[in-house]
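Single-structure report; data block below.
Side-chain atoms are counted along with the backbone in the values below, which use heavy atoms only and exclude waters and symmetry mates. Everything numeric in this text was worked out from a predicted model, so none of it was measured.
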Amino acid sequence: MGNETEEHDFLATCDECGRAYAATLTEDEEILPLGARPGCRCGGKSFSPVNEADFDEAFDD
């Protein structure tokens, strides 16, 4: 059986400053940055997932 949390790992940005973090979705559907930090460096606690399609388009030639 695989690690279920890996299925919920994604890129998210802080809603306050836009800084990007690897993030995970909790059982309560809260987006949290991975690691020990409980929020963003700027103090923000709210994050939004990055749309993978938008990310791919930024690097298309």
Taking a hydrophobic cluster as the set of Ile, Leu, Val, Met, Phe, Trp and Tyr residues connected by side-chain heavy atoms closer than 4.5 Å, whether directly or through intermediates, do Tyr21 and Leu25 fall within one such cluster?
->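 Yes.
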
Supply the atom-to-atom distance [X] [atom1] to [Y] [atom2], rounded to the nearest 0.5 angstrom.
X: Leu32; Y: Phe47; atom1: CG; atom2: CZ; result: 7.5 Å
X: Cys40; Y: Glu16; atom1: SG; atom2: CD; result: 8.5 Å
X: Arg41; Y: Cys14; atom1: CZ; atom2: SG; result: 11.5 Å
X: Cys42; Y: Asp15; atom1: SG; atom2: CG; result: 9.5 Å

With the side chain counted from C-beta on, respond yes when Pro49 and Ile31 share a heavy-atom pair under 4.5 Å apart, and no when they do not.
-> yes

